[in-house]
Amino acid sequence: MNGRASEIAALTLEHLQLVALSVAIAAAIALPAAVLLSRRAAWRPWVVGFANLAQTIPSLALFGFLLPIPLIGGIGKRTAVVALALYALLPILRNTLVGILGVDPTVRELAVAMGMTGRQILWQVELPLAAPSILAGLRIATVATIGGATIAAAIGGGGLGVFIFRGIAMLDTSTVLAGAVPAALMALAADEGLEWMERRFSPR
Amino acid sequence: MSTVLEIRGLSCSLGGRPVLRSVSLSVAEGETVVLLGRSGSGKTTLLKAVLGLAPASGGEMLFQSRPASEWRPIELRRRMGYVVQDSGLFPHWTVERNIALPALLAGREPAAIAQRVRELLEAVSLEPDEFRGRYPRHLSGGQKQRVAIARALAADPPLLLLDEPFAALDPITRYDLQRQFLDLRRRLGKAALFVTHDVREALMMGTRIALLAGGVLDVLAAPAEFLEARTPEARAFLASLEETWRTDERPRL
C-alpha cells in the first residue's frame, strides 16, 4: 500500500509538471499573440481559426498525428507537452483577445488623449482591465489540460494517466481510481484557485 | 494675455465626409472659448483635432506659438487637460491614482504628487481623506466629473479641453459645477475650449462663444454680442432660450 501511495505522489507530481509546462508554453504564445491580434484585425480570423482547428481534433488523434513529426514528435513527454499546449492555446488566446477588445473605447481614447504611450496603455490600462477575462482563459485551459494530460500516458507522457491505462488493461477499478481521483481533485483545486484570482482582479 | 492655442483654417474629414471647414479661432490665457453647436456640427471633432485624435485635412494649429506639427503628439497631449461627458475615469484605479496620472506622466516626484492630489480634491470640493481611496464605481455622476476636472488640472496644463463635461448631470449638480468651474478659472487663469450644445451654458461659461454650423464657424463673439447675433443658426439657438424664458414667466395655476 505504501508503494502505491508513493507512486501516486510521484505520478501526481509528474502530472502537475506536464500541466504546468504545457499551460506555460501555451500562455507564452497565446498572450503576446492576443495582444498583437488586438491591433491587427485582419489577422484575427486566421490565427483564431488555427487555434479553433487545433481544439477540434480529438486529443488521442492529435497525439497520434504528432508522433511521426520530427523534432516535436516521438514517444515521450515532449510530444505530450506539444499536444497539450496546442489545446490550451485557444482558450487563453480567445479570452485575452476578448478581454482587450472589451476595454471601454472611451477609456482607451482618454488614455491616448492624456498622452500615455502605447506601451503604457497596454500595461497600465488594457491588460489590468482584461485581467479577469485573461485569468478565466487560463483557468479553462488549466482545467482542460489536467484532464487531457491523463491521455498523455498513451504515448509515454507519464502522469496520472499511467494508472488509468494500467487499470483499464488490468480491469482493475481501484487502479483506475488511483489515477482519476487525484486528477479530478487537481482540476477542482485549479478551478477554485484561479477563480479566486479572477475575483480578486475584477474591478472593485 | 498670451495666445495658448491658435487654429488657422482647420479642415477635417471623417470617412470622406467633411466635418470641419476652414475653422479659425484662438484661445488666450484665462479665456474660455465655448464651442456651441448642434449634434454633428463638428465641435467634438474640433477638440479631437486639437488633441491629434482626428487627422486634419487642411490648415494649421499653433500651440504655445509653436506649430503643432513640431510637437511630439504625446508631449502635446500631456500639456492639455481633457474632460469628457462620462468622466472617462480609469475604473481599475482609485480616485487618487486617476488624478495622479497626468502628474506621473509629467515626471513629478511621488511626494509632490500626493500633495497635489490633496490640493486638487479640495479645489473641486471633495474631502481628500474621504475620496482619494475610492473607486470610480462608488462615485456619483457629479463626483466623477469633479474628479475628472481635478485630473485634467493635475499636470497644471496651459490648456483645458472640455467636451460637454456637465451634460449628463442633473440641473442642480450641473449649476453647482458650472459655478465652481468659473471660480477655478478665475483663480487658475487657464485657457479652455469648452464644448456644449446648451446655449445657456455657453452664455454662462464662455468669455467668447464660437458657434459651429455644419462644420463652419458661423459666429465668434463675446456672450453679450452673441445675444445680438443675426445668423439663422444663432437665431435658432437664441429662440430656444427665449422660449424657455417665456415659459418660466407664465403664471402658475
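To find a chain, count down the sequence lines: A is the first, B the second, and so on, and within it residues start at 1.
When the heavy atoms of residues 87-107 of chain A are compared with those of chain B, the residues falling under 4.5 Å are A:Thr106, A:Val107, listed by number.
Residues satisfying the side-chain contact (heavy atoms from CB on, under 4.5 Å) test with B:Arg17, not counting sequence neighbours, are B:Val19.
Residues A:Leu129 and B:Pro91 come closest through the heavy atom pair CD2-CG, 3.6 Å. Closest of all the heavy-atom pairs between B:Tyr82 and A:Ala113 is CD2-CB, 3.3 Å. Here the shortest heavy-atom pairing between A:Pro128 and B:His92 reads CB-CD2, 3.5 Å.
For B:Glu70, the CD atom is densely surrounded, since the number of other residues' heavy atoms within 6.0 Å is greater than 12. Applying the 6.0 Å contact sphere to CZ of B:Arg38 captures no more than 12 heavy atoms from other residues, nucleotides or ligands. Heavy-atom contacts from other residues, nucleotides or ligands closer than 6.0 Å to CZ of A:Arg119 number 12 or fewer.
Only the side chain of B:Leu101 comes within less than 4.5 Å of a heavy atom of chain A; its backbone N, CA, C and O stay farther away. For A:Ala131, no part sits under 4.5 Å from any heavy atom of chain B, backbone or side chain.
In this structure, A:Met114 and B:Arg151 have side chains that are in contact, with non-hydrogen atoms separated by less than 4.5 Å. For the pair A:Glu109/B:Lys48, a side-chain contact is recorded, criterion being any heavy-atom separation below 4.5 Å from C-beta on. Residues B:Arg97 and A:Gln124 form a side-chain contact, since some pair of their non-hydrogen atoms from C-beta on lies under 4.5 Å apart. With a 4.5 Å cut-off on side-chain heavy atoms, B:Leu105 and A:Gln120 count as touching.
Considering only heavy-atom pairs separated by less than 4.5 Å from chain A, the leading option among B:Pro73, B:Gly88, B:Pro157 is B:Gly88.
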